[in-house]
Number of protein chains: 2
Amino acid sequence: MARASRQAVTIRHVAAEAGVSLQTVSRVMNNEPNVRDAVRERVNEAVAKLGYVPSLAARRLSGSRSYLILALNDRDRTIEGWRLGQGNDWVDQMLYGGMLKSAEHGYRMIFELIDSHAAHVEREVSAALAALRPDGVILTPPHSDNPVIVALLEARGMPFARIGSYESGAGVAIRMDDAAAGRAATEHLLALGHRRIGFIAGPAEYTLSTERAEGYRQALLGAGIALDPALEEIGDFTFDSGVRAAEALLAQAERPTAILASSDQMALAAAQVARARGLALPEGLAVVSFDDTPVVRFSMPPLTAITQPIAAMASTAADLLIRSAGGDVIEAGPYILPFALAVRGSTQGNDH
Amino acid sequence: MARASRQAVTIRHVAAEAGVSLQTVSRVMNNEPNVRDAVRERVNEAVAKLGYVPSLAARRLSGSRSYLILALNDRDRTIEGWRLGQGNDWVDQMLYGGMLKSAEHGYRMIFELIDSHAAHVEREVSAALAALRPDGVILTPPHSDNPVIVALLEARGMPFARIGSYESGAGVAIRMDDAAAGRAATEHLLALGHRRIGFIAGPAEYTLSTERAEGYRQALLGAGIALDPALEEIGDFTFDSGVRAAEALLAQAERPTAILASSDQMALAAAQVARARGLALPEGLAVVSFDDTPVVRFSMPPLTAITQPIAAMASTAADLLIRSAGGDVIEAGPYILPFALAVRGSTQGNDH
DNA sequence: CTGAAAGCGCTAACAT
DNA sequence: ATGTTAGCGCTTTCAG
C-alpha cells in the first residue's frame, strides 16, 4: 500500500508497450504525420491502457511548447477586490473565459499578479517569463497599455494579447466597441422618452472614456437633440467622484431625467444622490451604468448596464495565442467583441 | 526588429559570470550550505546582474520540486458561479489565500476544475498530476471527502490538504469549527432577546450540517431553553429549499422571531418569505446566515452572517504543503481556523 | 514512414 | 567547500 509511486508512466513505457520507438509515441501524441494508422492506433491503445500523460516540464524543456498561457493582472486592484469580498468579477470572468478555453486546447492558464506601480515591473514580468516560459501572455488593464511590459514582450518575441486596449502596436488588441456601447445605452434612454440625459464620463486618459462619451453624443445628435455641456461631468470611475458628478447634474434647474455613468460605482453613486434628493428610480431618475459587475444586480432597483464581454475577450485571447503557438498565422486585429445591454429596474418598469 | 531572444539566461551563464561551477550556483539558488560567503555573494551578484531566474521546468525535471501547488475545485459549481456572474466568492477567496501564500514561498498555485460526477474523476486527477507533478494538492469541497481522489493521492504519496473536511485519514484536514459557529450565531440571537429561534439545517450527509445544528442546540440549552423539533427544518443549501423550510417555520401559530439558516441562499429565501408575509427585517424576523458570500452584503437589509475563513484555510493549506515539500515535518491536524460573525442589518438596528 | 542520437536546464550523487 | 558526471522525460535534429 501507498508506496510513493515515485516513477510515473513515461513515454518509454508506452513505447515498450506498443513495441515502437519513443519517437513514434511522440509523433502520435503531437498529432504529427508520418505514422501509419495501424501503428498510431497501437500507440493510442498503449497510452489509454497505461494512462499516459506527457510531462509538461519535459515537453517544455526539450524545446517545444510549454502549454502554458500566462495571464497578468494588476496586483493592487485584484487584491483589493479580493479583500473587499464583494465578488471580484474581472478575475472570475477572466478565469471563466481564459481557463476554459485554454483547457480545451490542452493548455493551462496561469494567473499572476504584477505590480504596475513598482519600478520593478520589468523585473517581475521577466522573472515570470523566465520561470514559466509560457507560450503566450494575456495583458489586462492597466497592463495592456504599459509601455515597459509591451516593449519587453515584444523584444522577447513573446506572443501576447492586450485586453481592453485601444492602442496599436505589437500584440493583438482585443476589446469591445465603447463608442457603440455609449450609443446603445443612450438610445435605450431615448427610446424610453428621455430628452435630457446626463453623462458621467471617465478620465480622459482612458481612450475608452472618450469613446463612450463620443457614443453618447452621437446618439443625442442622431435623435436631433442639441448637446449641452452642462449635462456632461467627469469622474474617475470611483463612487466618490460619481457622487460629485451626480450632484452637479441634479442640482441644475433643468435637471436631467436620466444619467448614463461610465462605471458601476459612479452609477451607484448617482442612484444614491438621486435617492437623497427624493428621486426614486426609475421614475424620478433613470440610471444606466457601464461594466455590469455583480454589485449592480443587487442594488435596489438593479441597474440597467452595459455588459463588458470579459470572459469572451479572455477566451479569444487564449484561443489566438494558442493557435499562434501552434504555428497558425493569426490576424492582427484589433478584435472587437460584442457587448450587451442588460435592461433592469433602474430604467424600466418594476420587474424584479 | 524584435529578434526572439530564443536563448534566455541559464545557470550556465551565471556560473561563467561568477567564475564557479553550475553546482555552486545551484547551491546558492537553493540556499544550501557548503558555500563560502564570499562565493555566495559573487554568485548572487551575477544572478542580479544577469537577471537570472531558474526554469521551473528544468528544476522539476531534474527530480527536485516543481514549485507548483495544485488546487482542485468542483467543475460544475465553479462554472455555474462564473456563469451567473454574481461574484464567485469561493474561488476568489481561494486565490486570495492560496495564491498569495504560494507566491511568498516562490511557488505558484494552479487552479484546476475537476468533474466529480463523472466516472473519470480518477483519470482527470491522474492526468493533472502526471502533467504538472505538483508538490502538493489542495482539495476543496466536495472533493475534500471524495474517497477516489483521496485514495489516489495517498497511493501516489502526494501531500494534500482537505479543506472543510471532518473526516480523518490521509492528508491534512483544515476547517472551521461549525459547531462553535452555530453556537455563536444562536447566542447572538439570544443576546438580542430572541427565545423562539428557527433553524434551517443543511443535508445530513454533510458533517458540517450536523455540527451546526449541534451548536444551535447547545446554545439554546445553555440559555435554558427547551428544544422544539418544530423549530428545526432541513434544506439542501439552495434558495428553493430555503423557501420551503422558511414557510414551514413561519406558518406555525407560535412562529419563531428569528431564523438561523445554514447557507446564504437559504437565509435569503427566509428573508423573502418573511417579506411576503409582511414581516420586515429585523423587527418582524431576525435572520442569520452561514457562508457570507458577497450577495448577503447587497440584500436589503444586509444579512448578519457567519464568515467562513476560506482565504485563511487556503493560505494554511498552501503553507503546510510547501513546508512539507521543503522537508519540514508538519503536524497532522486537523487545523481549526477561526470564523467570524459579521453583524448586519438583518438582526441589528438600522445601520446601513 | 520509422528509429537513433543529442540535448533542453537543472539537481542528485558522487568525486575531490 | 567546490567541481564533475549523469540523467530527469521529452522533442528535436538527422539517418535510414
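Remember, it's a predicted structure, so these values are computed and weren't measured experimentally. All chains are named by letter (A, B, ...) in the order of the sequence lines, taking the proteins before the strands, and each is independently numbered beginning at 1. Worth knowing before you read on, the calculation uses all heavy atoms, side chains too, and leaves out hydrogens, waters and symmetry mates.
- A straight line from CZ of A:R12 to P of D:dT11 spans 13 Å, rounded to a whole angstrom.
- For residues 33-43 of chain A, proximity to DNA chain C is found at A:N34, A:V35, A:R36, A:V39, defined as any non-hydrogen atom under 4.0 angstrom from a strand atom.
- With respect to A:E80 and A:R83, a salt bridge is recorded, a charged nitrogen being found less than 4.0 Å from a carboxylate O.
- Within the 3.5 Å criterion, the main-chain N or O of B:D74 finds a donor-acceptor partner in the side chain of B:T78.
- In this structure, A:L22 atom CG and D:dG9 atom P are separated by 11 Å, rounded to whole Å.
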Considering only distance and modelled atom types, tabulate donor-acceptor pairs under 3.5 Å from the side chains of residues 47-56 of chain B, sequence neighbours left out.
unit_1 : atom_1 : unit_2 : atom_2 : d
B:K49  : NZ     : B:E17  : OE2    : 2.9
B:S55  : OG     : B:A57  : N      : 3.3
B:S55  : OG     : B:A58  : N      : 3.1

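- With sequence neighbours excluded, the residues satisfying ring-ring contact (aromatic ring centres under 6.0 Å, His included) with B:W82 are A:Y96.
- For the pair B:N73 and B:W90, the minimum side-chain heavy-atom distance is below 4.5 Å.
- Between A:R65 and A:N30, the side chains place no donor N or O within less than 3.5 Å of an acceptor N or O (distance only, hydrogens not considered).
- Listed pair A:T24 / C:dG3 meets the phosphate criterion, a side-chain N or O lying under 4.0 Å from OP1 or OP2.
- Note: CG (A:L56) to C1' (C:dC8) measures 15 Å, nearest angstrom.
- Dashed line: the shortest gap from a side-chain N or O of B:Y67 to OP1 or OP2 of C:dT11 is not under 4.0 Å.
- Residues from residues 318-326 of chain A that place a heavy atom under 4.0 Å from any atom of DNA chain D: there are none.
- When the P atom of D:dC8 is taken as reference, atom CZ of B:R60 falls 12 Å away, rounded to whole Å.
- With a 6.0 Å radius and a threshold of 12 heavy atoms from other residues, nucleotides or ligands, B:E32 has its CD atom above the threshold.
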Practice problem: Please test B:F160 against B:L72 for side chain to side chain contact (heavy atoms under 4.5 Å, CB included), starting from the C-alpha separation and ending with a verdict. | Solution: CA-CA 11 Å; B:F160 65 102; B:L72 263 24; over 6 Å; no

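- Salt bridge present: A:E104 and A:K101 bring a charged side-chain N and a carboxylate O closer than 4.0 Å.
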Listing time: all N or O pairs from protein to nucleotides 12-14 of chain D that are below 3.5 Å?
unit_1 : atom_1 : unit_2 : atom_2 : d
D:dT12 : O4     : A:Q23  : NE2    : 2.2

(message) Show, in sequence, the C-alpha distance, side-chain angles and deciding distance for B:I310 and B:T140, and conclude whether the side chain to side chain contact (heavy atoms under 4.5 Å, CB included) test is met.
(response) CA-CA 10 Å; B:I310 299 174; B:T140 60; over 6 Å; no

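- Sorted by first then second residue, the side-chain hydrogen bond (donor to acceptor under 3.5 Å, both in side chains) pairs that include residues 164-173 of chain B, not counting sequence neighbours, are B:D145-B:S165, B:R162-B:S165, B:Y166-B:D178.
- Between the CZ atom of A:R133 and the C1' atom of D:dC10 there is a distance of 16 Å, given to the nearest Å.
- If you take CG of B:L61 and P of C:dC10, they are 12 Å apart, rounded to a whole angstrom.
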